[in-house]
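Just dropping this structure here.
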2 protein chains.
Amino acid sequence: LIELDNLTRFYRLGGETVKALDGVSLAIDAGEFVAVMGPSGSGKSTFMNLVGCLDRPTSGAYSLDRQEMSRRNADELAYVRCHQIGFVFQQFNLLDRLDALGNVEMPLIYAGVERRLRRDRAAAALTRVGLGDRLHHRPTELSGGQQQRVAIARALVNAPKVLLADEPTGALDSRTSLELMALLQSLNREGTTIIIVTHEADIATYAARLIRFLDGKVMSDANQRMV
Amino acid sequence: LIELDNLTRFYRLGGETVKALDGVSLAIDAGEFVAVMGPSGSGKSTFMNLVGCLDRPTSGAYSLDRQEMSRRNADELAYVRCHQIGFVFQQFNLLDRLDALGNVEMPLIYAGVERRLRRDRAAAALTRVGLGDRLHHRPTELSGGQQQRVAIARALVNAPKVLLADEPTGALDSRTSLELMALLQSLNREGTTIIIVTHEADIATYAARLIRFLDGKVMSDANQRMV
Ligand SMILES: Nc1ncnc2c1ncn2[C@@H]1O[C@H](COP(=O)(O)OP(=O)(O)OP(=O)(O)O)[C@@H](O)[C@H]1O
Ligand SMILES: Nc1ncnc2c1ncn2[C@@H]1O[C@H](COP(=O)(O)OP(=O)(O)OP(=O)(O)O)[C@@H](O)[C@H]1O
Ligand SMILES: [Mg+2]
Ligand SMILES: [Mg+2]
């Protein structure tokens with residue numbers, strides 16, 4: 001489903017080049033559950049942004065569902081993102097002017113879903129992550145963990161083929177984290193491909209495969225027994 | 001040093017009242033190392049904002065160093081914050097238009113520190129958290145864990161009496177987390193009072209006392225053996 005071939009992402013800053021991703025090649029099949037770990041700054045979010053079609057590589061190739069993504073234009077990338085990929089950002093990226101319900105409706109608006117069905121689906125997604133009583137709170141009126149759960153609901157509301165979650169339990173207490181991981185497990189059993197960046201080893205054990213990054217490269221990539 | 005007497009913080013939203021903090025009374029002595037845990041939405045950040053003089057309670061009393069804080073005006077609160085308290089926010093709250101160095105300099109500007117000394121101290125604080133080679137990157141040019149470390153450096157640069165850290169290891173890999181906790185331990189041994197909100201039990205073990213929140217109230221408050 002996902003194939004990366006010697007993918008790089010460089011930034012030029014002042015006189016120097018920062019090699020955020022320095023030659024990554026790997027393949028992920030449909031239905032896999034993959035955890036990504038690695039030190040701060042090792043390229044995990046950069047990798048996720050490239051796989052999620054939110055960024056373009058400096059060089060190398062990226063195919064999603066056998067379609068070459070690295071040369072697509074902005075509109076084509078936006079279409080793929082909206083219909084196939086759900087993304088939970090490390091920093092949530094919620095819109096402050098919209099309440100929780102409005103934020104979760106955004107992907108449905110892009111997908112052209114009609115208004116009343118949109119609100120029902122957004123409300124259901126929020127209820128599934130325990131925020132049924134916070135639908136009309138705006139991000140600044142929510143706790144950190146509640147904002148993260150709004151970001152999760154938004155990523156899932158379009159029933160995406162691929163869910164990319166960058167530190168989705170970063171702001172969650174242990175009980176809410178376990179509830180989220182159970183939800184991800186059931187989505188994975190139903191066929192959703194999941195890639196989750198985490199720095200917590202107990203969260204990584206929910207995945208069947210662990211990829212470790214170091215300095216913009218893949219350091220190790222191994223199957224593991226799922227918990 | 002810190003005394004809360006039946007402190008509350010209510011929000012009115014639409015027709016209902018959200019009781020973010022619903023009557024909290026406790027005392028923290030100078031030099032303590034306290035961990036705060038509790039479910040998402042239980043009031044931890046609200047508590048930290050009140051202790052950090054960033055917010056006013058709805059009712060109840062709060063004294064810092066025997067001075068009654070709940071009736072102070074905005075300027076007096078700002079003065080106290082800048083000279084006595086260092087705050088690491090759950091969502092970092094960095095200024096996007098300034099680079100790492102500029103962000104860490106901000107508390108020193110408020111404290112009236114002269115320009116060249118300011119830059120040296122800001123650079124030293126960033127080097128201490130491993131970002132010596134990222135001084136001129138802006139927040140959008142840094143990884144999540146790097147942004148968090150800029151927020152930590154900024155909180156420490158004024159050598160505050162009280163450090164309030166809301167989920168400071170949320171975006172950090174395990175090695176960087178342990179480095180940060182070792183730094184906090186050494187600051188505590190030198191006399192800094194530390195209150196850290198965390199959802200990770202291994203991080204909480206660095207503290208000598210654990211306070212648990214539930215539904216805006218203190219559920220338990222006990223000393224524990226420091227690791
Ligand atoms: N401005 C606001 N208006 C209305 N309700 C608010 C506002 N700010 C916070 N709340 C509510 O107050 C409660 C406590 O929030 P708080 O941020 O203190 O929780 P927390 O314990 O830090 O949670 P987390 O672990 O998720 O960060 C939450 O239920 C939240 O929805
Ligand atoms: N716009 C940018 N300009 C320059 N350098 C950048 C930019 N974005 C990221 N970087 C650098 O690229 C490297 C990788 O960043 P990335 O966000 O992928 O790390 P990460 O593994 O997600 O880290 P963390 O665990 O801290 O979130 C970092 O060293 C960072 O400083
Ligand atoms: Mg990251
Ligand atoms: Mg919080």
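Convention: sequence-line order gives letters A, B, ...; per-chain numbering from 1.
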Closer than 3.5 angstrom, by distance alone: can the side chain of H199(B) be matched with the main-chain N or O of L172(A) as a donor-acceptor pair?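 Looks like yes, one N/O pair under 3.5 Å.
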How many angstroms lie between atom CG of D202(A) and atom CG of D202(B), to the nearest 0.5 angstrom?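 The CG atom of D202(B) is 7.5 Å from CG of D202(A), to the nearest 0.5 Å.
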Give a yes or no on this: more than 12 heavy atoms of other residues, nucleotides or ligands lie within 6.0 Å of atom CG of D120(B).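 It does: D120(B) CG has more than 12 such atoms within range.
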Heavy-atom check, side chain of L13(B) versus side chain of R134(A), under 4.5 Å: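 A side-chain contact is absent here, since even the closest heavy-atom pair is not under 4.5 Å.
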Given that the side chain runs from C-beta out, which part of T176(B) has a heavy atom under 4.5 Å from chain A: side chain, backbone, both or neither?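 Interface part for T176(B): side chain.
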Matching residue for S40(A) among R149(B), Q146(B), R175(B) - test: side chain to side chain donor-acceptor pair (under 3.5 Å):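 The residue from R149(B), Q146(B), R175(B) that satisfies side chain to side chain donor-acceptor pair (under 3.5 Å) with S40(A) turns out to be R149(B).
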Which heavy-atom pair separates A171(A) from Q90(B) by the least distance, and what is that distance?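 Reported closest heavy-atom pair: CB-NE2, 3.8 Å.
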Please classify the contact of Q148(B) with chain A as side chain, backbone, both or neither, using a heavy-atom distance under 4.5 Å.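 For Q148(B), no heavy atom lies under 4.5 Å from chain A.
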Checking side-chain contact (heavy atoms from CB on, under 4.5 Å) for the pair E141(B)/V18(A): CA distance, chi angles, key distance, verdict? CA-CA 10 Å; E141(B) 296 161 340; V18(A) 176; over 6 Å; no
Would you say that more than 12 heavy atoms from the other residues, nucleotides or ligands in this model lie under 6.0 Å from the CZ of R121(A), or not?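 Result for CZ/R121(A): enclosed.
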Is it true that atom CZ of R138(A) has more than 12 heavy atoms of other residues, nucleotides or ligands lying nearer than 6.0 Å?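 No, the 6.0 Å shell around CZ holds no more than 12 heavy atoms from other groups.
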Please classify the contact between T46(B) and chain A as side chain, backbone, both or neither, with a heavy-atom cut-off of under 4.5 Å.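 Contact with chain A: none, neither part.
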Choice from E167(B), Q147(B), Q91(B), H136(B) maximising heavy atom contacts with chain A below 4.5 Å: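 Greatest number of close heavy-atom pairs with chain A: Q91(B).
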Atom CG of N6(A): over 12 foreign heavy atoms under 6.0 Å: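 Count over threshold, so yes.
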Heavy-atom check, side chain of E200(B) versus side chain of E200(A), under 4.5 Å: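 Yes. Closest side-chain heavy atoms under 4.5 Å.
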Spacing of CG belonging to D133(B) relative to CD belonging to E16(A), to within rounding of 0.5 Å: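 With rounding to 0.5 Å, CG (D133(B)) is 7.5 Å from CD (E16(A)).
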